[in-house]
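Since the structure comes first, as structure tokens, the remarks are kept for the end.
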Amino acid sequence: MVAAMHEQALVIALIGILGIGAQWIAWRTGWPAIALMLAAGVIGGPVTGLIDPKLTFGELLEPMVSVAVALILFEGGLSLNFRELRKTDGAVTRLVVLGAPIGWVLGAFALYYVAGLVWPVAILFAGILVVTGPTVVLPLLRQSNVAARPRAILKWEAIVNDPVGALLGLATYEYLRRSSEGSTLAAVILSLVAAAIIAGLIGWLAARAIGWAFQRGHVPEYLKAPILLVAVIGVFVLSNLIQAETGLVTVTVMGVALANMKFDSLRDIQPFKENVTVLLISGVFVILSASLDLNVLRQFEWRFLAYLLVLLFVVRPATVLLSLAFSPVPWNERLLVAWIAPRGIVAVAISGLFALRLDRLGYGDGAILVTLSFSIVVATILFHGFSIKPVARLLKVTGAQDKGLLLVGATPFSLSLAAQLRQLEVPVMIADNSWQRLAPARHGGIPTYHGEILAEATEERLDLTQFQVLAATSENEAYNALVCNEFAPEVGRDNVYQLGDASDDHDPRALPESLRGRALFDSGLGVEEIMIREDTGWTFRKTRISDQFGFEAAKADLPIDADMLLLLRKNGTMRFFTHASRPTPQPGDTILSYVPPTHKTRKKQEGEEE
């Protein structure tokens, strides 16, 4: 018994290492995370035999995966704000209302005439394949530089269509099961629609109850995240008890409802839910691919390959293009959405579930669903995972290619810095809530954002994905720290900087490191010191590093008291010199320094001293 427990713990640890390790490699290399997680699971499962989820978890495997998918779907719903939906110009509504039935019909014909399935199984499986799923689409979007509108369309479609596909498959199965008892198709559809409405109502009521309790202080801060987690699992199970597979509707509605309520508690638990989702997606994908039976894949036939090609190049493009016909969405964005449709854990899990049920009803083709679903998952992940970046570039639907710098606070220092970066062809924008302070930037042709950067409207009006670095440069150190603390989760803690004295651990009046950005400059100059230097004529100087003119020579050539500010790599990456970070320049890099109005350099001073 003890040995079995240790073996289970070892498998769980190995699943975590493989999943998170694949995500880390994807971050370092830029390869698709979903493809690497799939490969990691295959290596850990069928290839080496180290992981056998069915043997390790037994009957708990299916409910574990179901609950994980529910949590992933709920977290995806929390990211769906109706303001973002309006930016899609009705595309998501068309893809759900028109696209799901069109894809269902076209998919059924392809499965019957190309894959050779009998009609009942073809109709059921085509309904399941309507889904794309957040478990695959969200990691794909996270690593790609897709423009805002197609990104929103793909994300909304993946999350909203997930429960739709499950319901379409369930409707077909229930009709096949009840038809022998004399039930009509209308009766089956009516009962499922009623169950879906009840499931959606349960999700909405749960969201309202949680919002009411959180806003009125009935739940302490340390219990908010655990209660939300337990509530999602609870309503998911409750809905499935009323009608199987409707729990996905409940958690989706619950997430969307909470996302569009205005209260601060959700912002506080945002990092927690995102971390949980990354862990769940990694674990589920490794378990999914480790469960792959190579013997089942050997049953793959050439007609299935023909079906995969029809699914990729006919069914999906026709579904999207017909749904978005006469819509305001540009053609290049339609084509990108028509190409990207990876399938994931939901399609496989539901297919495996219905395969067993169809066998009991006497449909022999049900066993083929496992082979086909795995084949579709592998094919779509590889095709779409590795092609989304080049296809987006080809169709010109990418975001900003060279990510730049966002300066918060229009001051003489930030205006001078922005002008220098513009000369180096670095994208830069200055944000300030004063129209007058932004006037010099506008006159100098520098992009500006007028408004309070901390306001809620900023999320809708300003796309932060176009910036690799944020620097708060206002004349108020506390405000700079507040800006950095607010945007650190989104931009990255290592990518938010501010003007202000570097924190002194021995000074009880200093702002703690956890509440501020990294202090600009090696010496951590304070705001008042910068203001004095601006008044006395300090400027910026550019120095290019080469094989003949190295870093030490560049430092010696700088005026006395000069401070190096940032390093611009050849590939456009910015690295700041701070009190805690001193990047090492390489040939081809450019250093931007803040220098006094004097021509006496360190090199000259050393010569005079000698």
Side-chain angles (χ1 to χ4, degrees), residues 1-73 75 133-140 142-143 229 233 271-298 342-353 370-371 373-382 385-386:
M1 183 70 177
V2 175
M5 290 176 59
H6 285 305
E7 184 179 347
Q8 288 177 330
L10 180 62
V11 170
I12 293 173
L14 189 57
I15 290 172
I17 292 171
L18 289 175
I20 299 301
Q23 295 253 29
W24 182 82
I25 293 173
W27 170 72
R28 292 293 298 178
T29 62
W31 296 346
I34 51 177
L36 292 175
M37 287 187 287
L38 191 66
V42 170
I43 293 172
V47 175
T48 63
L50 295 174
I51 301 174
D52 187 345
K54 294 179 181 178
L55 180 63
T56 303
F57 302 111
E59 296 181 354
L60 288 176
L61 179 60
E62 185 177 325
M64 281 171 50
V65 172
S66 298
V67 170
V69 171
L71 292 171
I72 294 168
L73 205 57
E75 198 277 335
T135 59
V136 283
V137 172
L138 296 185
L140 204 62
R142 185 180 296 117
Q143 287 191 285
L229 195 67
I233 298 174
F272 170 80
K273 70 181 184 63
E274 289 179 351
N275 293 337
V276 168
T277 302
V278 170
L279 287 171
L280 289 176
I281 289 177
S282 303
V284 164
F285 248 95
V286 171
I287 290 174
L288 159 69
S289 47
S291 303
L292 183 62
D293 189 346
L294 296 181
N295 292 323
V296 172
L297 286 183
R298 291 191 182 100
R343 271 68 171 188
I345 183 62
V346 174
V348 173
I350 298 176
S351 299
L353 178 65
V370 178
T371 306
S373 60
F374 271 119
S375 304
I376 291 168
V377 166
V378 173
T380 55
I381 284 177
L382 293 178
F386 284 100

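Note that the structure is predicted; figures quoted are calculated from it, not measured.
Here the straight-line distance linking atom CG of Leu71 with atom CG of Leu280 works out to 5.5 Å at 0.5 Å rounding. Rounding to the nearest 0.5 Å places CD1 of Ile381 at 11.5 Å from CD1 of Ile376. Taken from CE in Met37 to CD1 in Ile287, the straight-line distance is 12.5 Å, to the nearest 0.5 Å.
Checking side-chain atoms of Thr56 against main-chain N and O of Gln8 turns up no donor-acceptor pair under 3.5 Å.
Partners of Ala39 by side-chain contact (heavy atoms from CB on, under 4.5 Å), not counting sequence neighbours: none found. Listed by chain and number, the residues in a side-chain contact (heavy atoms from CB on, under 4.5 Å) with Leu14 are Leu18, Leu50, Ile51 (sequence neighbours excluded). Remark: Thr380 pairs with no residue by the side-chain hydrogen bond (donor to acceptor under 3.5 Å, both in side chains) rule, at least two apart or across chains. For Trp24, the side-chain contact (heavy atoms from CB on, under 4.5 Å) partners are Trp27, Arg28, not counting sequence neighbours. In this structure Ile20 satisfies the side-chain contact (heavy atoms from CB on, under 4.5 Å) test together with Val278, Leu279, Ser282, sequence neighbours excluded.
Annotation for Val137 and Pro342: closest pair CG2-CG, 4.1 Å, computed over non-hydrogen atoms. Here the closest heavy-atom approach between residue Pro46 and residue Ala290 is recorded as CD-O, 3.7 Å. Shown here for Ala68 and Val284, the closest heavy-atom pair between the two residues is CB-CG2, 3.5 Å.
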